[in-house]
2 protein chains.
Amino acid sequence: MGRRQLWDPAEVLTSAMRLFRHRGYLGASLRDIEEATGLHPGSLYRAFDSKEGLFQAALDAYNDQVVQGRVQVHLLEPADPVAGIRSFFTSAFETGLDPDPGCLLTNTAVESFTVPQAAAGVRRGLEAIESGFADALTRARALGRLSADLDVEMAATQLLALYQGLLVLVRSGTPATKLHTITDGAMASIGPERKRDSDE
Amino acid sequence: MGRRQLWDPAEVLTSAMRLFRHRGYLGASLRDIEEATGLHPGSLYRAFDSKEGLFQAALDAYNDQVVQGRVQVHLLEPADPVAGIRSFFTSAFETGLDPDPGCLLTNTAVESFTVPQAAAGVRRGLEAIESGFADALTRARALGRLSADLDVEMAATQLLALYQGLLVLVRSGTPATKLHTITDGAMASIGPERKRDSDE
DNA sequence: TATTTTTGTGAGCAGTCGTTCAACTACTGG
DNA sequence: CCAGTAGTTGAACGACTGCTCACAAAAATA
C-alpha cells in the first residue's frame, strides 16, 4: 500500500557512515548529508526523525557491519589467532585512504561528550572489540602461543586501549612506520618469543 | 599610550582551554566563549583574529602549561622514574572531574581533521609526551628497573599509544577500575618483575 | 477509475553561526 | 585640556544551521 521507498537504507547508512567518519557529527551539516546520501530532508526526517537519529543509525550500522565484520575476520575466524590480532591492528591503518579518517567508534568516543546518546553505541562497539581480543587470546593460549603468566582478560583490555591509541595517532597523521612499531610492540607484549631462553 | 587591556591573557586562555576541552572546537560557539572568558567578540577578534586563532592559542597554552607541566612533574623530575610513569597514567583519569573531559590533545587529534591547522600543535604535544617517556625509560634503565631486552624508543612509542587509548576510554566514560588495569599492564610491560625466575 | 495511503521534493522557517564595526571609554604625549 | 591612540562594547550582518510542511508523485485498495 502506498508508494514504495526509492532508496536503499543500507546504501544511505554506508554513505552517512563515511561522511560522519570524515567530518564528525557536528562537522557534517544536513546539506552535506543530503549530498552524500542523495536523500532530501523530508525523506531523511521521515525515516530517521532527526540528524541525531541518522547518526545513531549510522553508528549502529558501523558496529554491526564494520566492527563485527573486522572482529569476525581477524579475531574470531583465523586458525592462527596471533596473526589475526596482528592483522586486526595493521588493517586499521593500511586502508589506502589519505587522509585516513580513522575509526568512527574512536572518533565518536571522543566527540560523544557533545552527543551523549551516542555513548551507549560506543560502549557496545568497544566491548565487541575487547571480547574479540579475549577470544583470540584464549585460542592462542590453547595453542601455546601466549606467555604463560599472561592474564587473558587483562591483556584484552590492554590491546583495546592500545588499539584505540593507535587510531588516535592514525587520525592525527602519524606515519605508517610508527604504527607498525606499535603493532610489533603489541604482539611482543602477548607472545612468549621475546625471550630467547625457554623458561616454562 | 592608549587604553590598557582589562583582561589577563593567561586567564582567558585557561578558560578557553577548559571550554574547548569539554565541548570541542566545533561544539564551542562564540557565545559560549564569550560567557566562559568574559571577553566580548570585539576584544576577542582584536587579540586572536578568529575563533580558530583563539583555539590555536589555547592549544599552544595547553601544550606549554598542562602537557609540559605534566611531563616535567611525572616523567622528568621524579627520582623514581618507574613510579613517575605510573603516576603520569593514573593522574590522567584521577581528576575528580565528572564527566571527565579527557585531554585536549587527544580530543583535538581526533577532531583536527576538521581543523587542519591544529595538526601541528597536536604533533608537538604528542612528541613532548613521547620524549618524556623516553627520558624516564632511559633513567629507569640506568637504575636497572627495566627488562634487559626492552628497546627504549619503541617502548616510549608504545606508552604514548597506550596513553592516548586510555584517554579515549576516559572520555567515553570507562570506569576507573578498568583504567587502573590498563595502567598496571603498562607498568608490567616495561618492568622485569613479570617473571619470578631470574633469567638475566 | 476514483480514492486512499505512502513516499519524495525542495522552498522556506526561525534560530544560531562566526564575524564586523561604529560608537564609546580610558589612557598618553604635547 | 585637547588630540591621538589603544581597547571595549554590543548591535547587527549575511551565511548557514537543523528542521518543517504543503504539495506532487506513485503505489495499493475499492
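Each chain gets a letter, A, B and so on, in the order its sequence line appears, and its residues count up from 1.
- For A/Arg31, whose side chain is taken as the heavy atoms from C-beta onward, the closest listed nucleotide among D/dT9, C/dG12, C/dT19 is C/dG12.
- Evaluation of atom-type donor-acceptor distances gives no pair under 3.5 Å for the side chain of B/Arg3 against the base of D/dT8.
- Taking only side-chain nitrogens and oxygens, B/Trp7 comes nearer than 4.0 Å to OP1 or OP2 of D/dT8.
- Proximity of a side-chain donor or acceptor of A/Arg18 to a complementary backbone N or O of A/Ala36 within less than 3.5 Å is not detected.
- Residue-to-nucleotide proximity on DNA chain C shows that, of A/Pro41 and B/Lys51, the 5′-proximal contact is made by A/Pro41.
- Contact between the side-chain N/O atoms of B/Ser29 and the OP1/OP2 oxygens of C/dT16 is not found at any separation under 4.0 Å.
- Counting only distance, with no hydrogens or angles, the side chain of B/Ser15 and the backbone of B/Thr37 share no donor-acceptor pair below 3.5 Å.
- Side-chain N or O atoms of B/Glu111 include one that pairs as donor or acceptor with a backbone N or O of B/Tyr25 at under 3.5 Å.
- A sub-4.0 Å separation between OP1 or OP2 of C/dG8 and a side-chain N or O of A/His40 is absent.
- No donor-acceptor distance shorter than 3.5 angstrom exists from the side chain of B/Glu130 to the backbone of B/Ala156, with no hydrogens or angles considered.
- Residue A/Ala47 is classed as having no contact, given no heavy-atom separation below 4.0 Å to the nucleic acid.
- Looking at heavy-atom distances under 4.0 Å, A/Leu30 makes contact with a base.
- Close to D/dC19, at under 4.0 Å from its OP1 or OP2, lies a side-chain N or O of A/Tyr45.
- A donor N or O paired with an acceptor N or O is not found under 3.5 Å between the base of C/dG8 and the side-chain atoms of A/Arg4.
- Taking 4.0 angstrom as the limit, B/Arg46 places a side-chain polar atom (N or O) nearer than this to OP1 or OP2 of D/dG7.
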